[in-house]
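Notes follow once the structure below has been shown.
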Amino acid sequence: MLNFSAMPATGKTAQNGPARVRFAPSPTGELHIGGVRTALFNYLLAKNTGGQFILRLEDTDRNRLVEGSIDSIYDSLRWLGLDWDEGPDIGGPYGPYVQSENVSTGAYAAAAEKLITGEFAYECDCTPERLERVRERQKATKQAPGYDGHCRTRSRDELAESRSAGNDIVVRLKVPRTKTATFEDAVRGRVSIKYQDISDFVILKSDGFPTYHLAHIVDDDAMKITHVLRGEEWLPSVPRHLLIYEGLGIERPVYAHLPVILAEDKSKLSKRHGAVSALEFRDEGFLPDALFNFLALLGWSPGHDKEVMDRDEIASLFTLDRVKEAPAIFDRTKLEWMNGQYIRNLSLDSLTDAALPFLEKGLPAHVARPVDRDRVRPLLAMTQERMKYLTEAPEAIELFFEDSISPAPEEIIQKKMDAASTAAALESSLQILRGFEPFEVEPLEARFRELATQLDLKVGALFGSIRVATTGRRIAPPLFDTLVALGREKTITRMEAAIESLKAVAG
RNA sequence: GGCCCCAUCGUCUAGCGGUCCAGGACACCGCCCUCUCAAGGCGGAGAUCGGGGGUUCGAAUCCCCCUGGGGCUACCA
């Protein structure tokens with residue numbers, strides 16, 4: 001067993017004082033929902049402890065950079081309200097917050113040099129071709145793949161010579177392959193991993209950029225990070241990191257490896273499962289608060305039965321010892337339910353603000369732009385408790401903007417009625433509508449209930465035929481709210497058209 | 001293959017040795033409310049706590065093995 005003297009006592013309960021945490025994505029594309037969840041847990045720990053949430057860009061792989069992904073990361077985090085206290089755009093006392101910018105400061109090279117001097121690391125000029133040959137040989141003899149330590153014992157002079165001859169040089173860490181690393185993880189407790197199958201890995205690439213292993217440690221130390229919350233995929237790498245901390249003589253942070261998020265078929269969540277990036281959820285009409293709440297509950301629970309909680313409530317309850325260690329399946333149906341909860345809890349003004357962009361995009365072209373906020377607000381009120389996504393807003397209210405809706409006669413005719421009787425009922429309704437005062441919900445409803453009795457019709461049948469005649473739909477908000485919103489004039493026009501079409505059918 | 005992590009209703013989870021023949025939520029089914037659809041209310045079905053051994057007076061809870069799932073095994077993060 002290797003006992004790391006620098007290892008702090010960090011059992012499951014260790015969580016004292018303000019935590020400085022960071023979310024450190026690579027700008028290699030859109031922010032995946034798994035990354036968002038990692039960011040969220042970091043954010044929550046910072047909020048819970050009164051600490052800082054830091055954003056850092058890990059762009060040390062120059063080949064995988066994707067144009068525009070930095071802005072997309074910013075947009076995702078801002079949309080969700082995961083505001084950072086220090087970061088590339090706003091700076092902070094421990095910059096730079098972009099790793100590529102830290103290369104020119106020599107920070108990583110200096111760390112690598114220190115590790116070489118301390119004999120924790122060494123330089124290597126093995127070519128990709130040689131590494132490939134080694135791998136093939138290992139495969140053929142069924143050995144674990146990995147670097148064979150060829151350059152471990154070569155002198156620095158030798159490597160310096162190789163470098164001036166124009167060869168590519170990397171720096172590798174010496175891994176003590178007979179030992180075992182034992183450490184505490186805040187969500188998993190004590191973990192032991194053998195060094196046996198970890199080969200001497202690269203910490204400084206030939207282009208002078210560090211790999212993740214070196215870079216994140218140098219930066220975390222510089223930024224005084226106290227807790228590292230990251231995906232479970234990093235757990236097997238912890239022994240490597242422990243080695244670097246030891247070699248550099250710095251104290252390691254508290255580790256918390258979060259469970260991964262899986263798709264419904266238990267495979268890794270990917271594009272083919274639908275929306276996976278934060279921005280896609282935004283575009284599909286989810287509310288950031290709903291996603292925030294839902295994601296917080298994926299892998300963490302508050303310890304009580306209440307599930308719909310606001311941000312402050314979640315943050316005040318969040319602790320690492322309540323984080324689950326098993327992977328969770330992303331249950332989109334439950335997210336939809338939660339989004340509905342949040343939509344219903346919105347004030348009408350907030351709902352209008354949130355829906356406006358979707359209306360701009362989704363309402364028919366003939367509706368004047370920009371969309372009239374005051375016109376649209378009362379319409380949204382009628383549909384609010386029926387919505388699961390904001391994307392449903394345009395379709396829900398567009399019927400109020402159409403000039404003619406022309407529903408099929410058979411749609412208008414209700415149970416136990418025919419074209420003639422329906423036409424007659426609508427005629428009577430039309431008479432009432434023409435002169436009725438006041439044209440308001442309650443009085444209208446009372447009068448039409450009376451009419452149903454007079455005509456010996458079921459209320460549902462009469463209302464139903466009027467509903468289809470005036471909205472073109474069998475399903476719509478409550479009838480008289482709809483008619484009032486439509487206005488007397490439009491209501492009458494639609495009724496007349498419906499009666500005409502029924503008469504044509506009745507012959 | 002090797003190493004590591006994990007395992008409670010279909011799904012998210014509560015449970016941290018007795019109060020659990022297992023609680024809540026989503027989804028599902030039924031009833032109520034009701035002008036349609038929702039929302040809401042009430043109720044139901046749904047988990048031999050993956051399997052097998054232990055430890056213990058007593059285990060979903062502790063230990064071991066098996067099985068299953070996931071992760072890692074790059075000059076990617």
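We name chains A, B, ... by the order of the sequence lines, and we start the count at 1 in each one.
- In this structure, A/L297 places its CG atom 8 Å from P of B/U13, rounding to the nearest Å.
- Distance from the side chain of A/R172 is smallest to B/C75 among B/U36, B/C75, B/C4.
- Residue-level contact check: A/D331 touches the bases, meaning some heavy atom is under 4.0 Å from a base atom.
- Note: A/F281 and A/F330 meet the aromatic proximity criterion, with ring centroids under 6.0 Å apart.
- Protein atom CG of A/L479 is 14 Å distant from nucleotide atom C1' of B/U34, rounded to whole Å.
- For A/P145, the side-chain atoms get nearest to B/U73 when compared with the rest of B/U73, B/A77, B/C72.
- With hydrogens and angles left out, the side chain of A/E307 and the base of B/G24 share a donor-acceptor pair within 3.5 Å.
- Cation-pi geometry between A/R322 and A/F318 is not satisfied (NZ or CZ under 6.0 Å from the ring centre, within 45° of the ring normal).
- Each of B/A77, B/G2, B/C4 was ranked by its minimum atom distance to the side chain of A/I193; first place goes to B/C4.
- Look at CZ on A/R62: it is 12 Å from P on B/C76, rounded to the nearest Å.
- Atom OH of A/Y255 is separated from atom P of B/C5 by 16 Å (rounded to the nearest Å).
- When all heavy atoms are compared, the tightest approach of A/A109 to A/L204 is CA-CD2, 4.4 Å.
- A/H213 and A/W234 have perpendicular rings, their planes meeting at more than 60° on a 0 to 90° scale where under 30° would count as parallel.
- In this structure, the side chain of A/R473 does not engage the main chain of A/T470 through any donor-acceptor pair within 3.5 Å.
- For the pair A/R135 and A/P478, nearest-nucleotide mapping onto RNA chain B gives the more 5' position to A/P478.
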Where do N or O atoms of nucleotides 43-50 of chain B meet protein N or O atoms at under 3.5 Å, pair by pair?
none

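- For A/E325, the side-chain atoms get nearest to B/A7 when compared with the rest of B/A74, B/A7, B/C76.
- Between the CG atom of A/N293 and the P atom of B/C12 there is a distance of 17 Å, rounded to whole Å.
- Among the nucleotides B/C3, B/C26, B/C37, the one closest to any side-chain atom of A/K194 is B/C3.
- Rounded to whole Å, the C1' atom of B/G69 lies 40 Å from the corresponding atom of B/C31.
- For A/E232, taking side-chain heavy atoms from C-beta onward, the closest of the listed nucleotides B/A14, B/C37, B/C5 is B/C5.
- Contact detail for A/V175 and A/D200: the closest heavy-atom pair is N-OD1, 2.9 Å.
- Looking at A/R172, its side chain never comes within 3.5 Å of a backbone N or O of A/Y122 through a donor-acceptor pair.
- Rounded to the nearest Å, the gap between the P atom of B/U19 and that of B/A60 is 9 Å.
- One finds a side-chain N or O of A/R322 lying less than 4.0 angstrom from the OP1 or OP2 phosphate oxygen of B/G15.
- The separation between A/L173 atom CG and B/C75 atom C1' is 14 Å, rounded to whole Å.
- For B/C75, its base sits under 3.5 Å from the side chain of A/S206 at one donor and acceptor pair at least.
- In this structure, A/Q341 reaches the B/G40 phosphate: one of its side-chain N or O atoms is under 4.0 Å from OP1 or OP2.
- Checking B/C5, B/A77, B/U36 against the side-chain heavy atoms of A/W234 singles out B/A77 as nearest.
- For B/C9 and B/C57, the P atoms lie 31 Å apart once the distance is rounded to whole Å.
- Each of A/G464 and A/S237 was assigned the nucleotide of RNA chain B with the nearest heavy atom; the assignment lying further toward the 5' end belongs to A/G464.
- Atoms CG and CG, on A/D289 and A/L80 in that order, are 9.0 Å from each other to the nearest 0.5 Å.
- The interatomic distance linking A/H213 (NE2) with B/C76 (C1') rounds to 9 Å, in whole Å.
- With hydrogens and angles ignored, no donor-acceptor pair closer than 3.5 Å exists between the side chain of A/R188 and the base of B/C5.
- Nucleotides B/C66 and B/G24 are separated by 33 Å at their C1' atoms, to the nearest Å.
- Residue A/E392 is out of contact with every strand shown, counting any heavy-atom pair closer than 4.0 Å.
- Here the two rings, on A/F286 and A/F294, have centers that are 6.0 Å apart or farther.
- At a threshold of 4.0 angstrom between heavy atoms, the contacts of A/P25 with the nucleic acid are absent.
- Among the heavy atoms of the strands lying under 4.0 Å from A/A476 is at least one base atom, whether or not backbone atoms are also near.
- In a base pair of the Watson-Crick type (N1 to N3 plus N6-O4 or O6-N4) or a G-U wobble (N1-O2 and O6-N3), with each distance short of 3.5 Å, B/A45 is matched with no nucleotide.
- When distances run from any side-chain atom of A/S301 to the nucleotides B/C4, B/A27, B/U13, the shortest one goes to B/U13.
- With B/C6, B/C35, B/G40 as the choices, the nucleotide that has an atom nearest any side-chain atom of A/R344 turns out to be B/G40.
- If you check every strand for non-hydrogen atoms under 4.0 Å, A/V260 touches sugar and phosphate atoms only.
- A/G340 comes within contact range of no nucleotide atom at all, as no heavy-atom separation falls under 4.0 Å.
- Picking from B/C35, B/C75, B/G23 the nucleotide with the shortest atom distance to the side chain of A/D305 gives B/G23.
- Nucleotides B/C63 and B/A25 are separated by 32 Å at their P atoms, to the nearest Å.
- When ring centroids are compared, A/F209 and A/Y108 stay outside the 6.0 Å threshold.
- Rounded to the nearest Å, the gap between the P atom of B/U8 and that of B/G51 is 11 Å.
- An OP1 or OP2 oxygen of B/C16 is reached within less than 4.0 angstrom by no side-chain nitrogen or oxygen of A/K324.
- Within the 4.0 angstrom heavy-atom criterion, no nucleotide atom of any strand lies near A/R332.
- Between A/T60 and B/A77 there is a side-chain N or O to OP1 or OP2 distance below 4.0 Å.
- The separation between A/I203 atom CD1 and B/A77 atom P is 13 Å, rounded to whole Å.
- With C1' as the reference atom, B/C65 and B/A22 are 26 Å apart, rounded to whole Å.
- Taking the P atoms as reference points, B/C26 lies 11 Å from B/C42, given to the whole Å.
- A/S72 places no side-chain N or O within donor-acceptor distance of the main-chain N or O of A/G68, the cut-off being under 3.5 Å.
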